[in-house]
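Everything on this sheet refers to the single structure shown next.
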Amino acid sequence: MSDHAPDDPTDPRTAAEPVRPAGPPGPTAPASLPGPADETDPWETVDRLHGWLDANPAHGGTDGLLLRVLKLSEEVGEVAEAVIGATGQNPRKGVSHSWDDVRSELCDVVVTAMVALRGLTPDAREVFAAHLAAVRDRSLSTAPRPSSAPPPGRTGQQT
């Protein structure tokens, strides 16, 4: 398992009851959205997490936004740690993680990226849908292009 910050909203083990150091008052409840909650809509949860973070900022303004984006690097590192642990690549630790841990850490990356995107725009759902459509069109709508690279062992120069 990886170590998450005590107030990490992307970690389901700590999001419900974050532990805060002594000092300012603790976090407020996640932001309420009008109407009934749709627990099957990930973007509604992202909006609530974004609201919760905005209501309980450790850092505000540009610094807060940049730190949310940097949080992605931390989460990706935890994926790498889990893969290394699941494959036993560290002889000192052996197999220290499972593939379930890898899947969980990948989900943390996705959630963290969604929340960071929501911090950049209130239209995160639409921005993501448009970008995904562009990736789909670019990747799945065209025939594979032949590689222009020379075959392995060749320099590409005619002799």
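For the single chain, residues carry numbers from 1 onward in sequence order.
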What one should report as the nearest heavy-atom pair of Val79 and Val109 is CG2-CG2, 3.7 Å

Are Phe128 and Leu49 connected in a single hydrophobic cluster, I mean Ile/Leu/Val/Met/Phe/Trp/Tyr linked by side-chain heavy atoms less than 4.5 Å apart? yes

To the nearest 0.5 Å, atom CH2 of Trp43 lies from atom NE2 of His50 at 11.5 Å

Considering only heavy atoms from C-beta outward, does the side chain of Glu78 approach that of His97 to under 4.5 Å? no

Closest contact, heavy atoms only, Val102 versus Ala86: CG2-CB, 4.1 Å

Report yes or no: do Ile84 and Val76 belong to one cluster of Ile/Leu/Val/Met/Phe/Trp/Tyr joined by side chain heavy-atom distances under 4.5 Å? no

How far does CD of Glu75 sit from CG of Leu106, to the nearest 0.5 angstrom? 10.5 Å

Atom pair CG/NZ of Leu53 and Lys71 - distance to nearest 0.5 Å: 10.0 Å

Are the side chains of Asp108 and Glu105 in contact, using a 4.5 Å heavy-atom criterion? yes

What one should report as the nearest heavy-atom pair of Met114 and Pro42 is CE-CB, 4.1 Å

Is there a path of hydrophobic side-chain contacts, each under 4.5 Å between heavy atoms, that joins Val110 and Trp52? yes

With a 3.5 Å distance limit and no angle check, can you tell me whether Asp63 reaches the backbone of Gly60 through a side-chain donor-acceptor pair? no

Which value, rounded to the nearest 0.5 Å, describes the distance between Arg48 atom CZ and Glu39 atom CD? 8.0 Å

If we only count heavy atoms from C-beta on, is the Leu70 to Glu74 side-chain gap below 4.5 Å? no

Do you know which two heavy atoms are closest between Arg125 and Glu44, and how far apart they sit? NH2-N, 4.2 Å

Tightest non-hydrogen contact, residues Asp54 and Arg68, listed as OD1-NH2, 2.9 Å

Trp99 vs Thr87 side-chain heavy atoms within contact, under 4.5 Å: yes

Electrostatic pair Arg118-Asp123, nearest N-O below 4.0 angstrom: no

Compare every heavy atom of Leu117 with every heavy atom of Val127, then report the nearest pair and how far apart it is. CG1-CD1, 4.2 Å

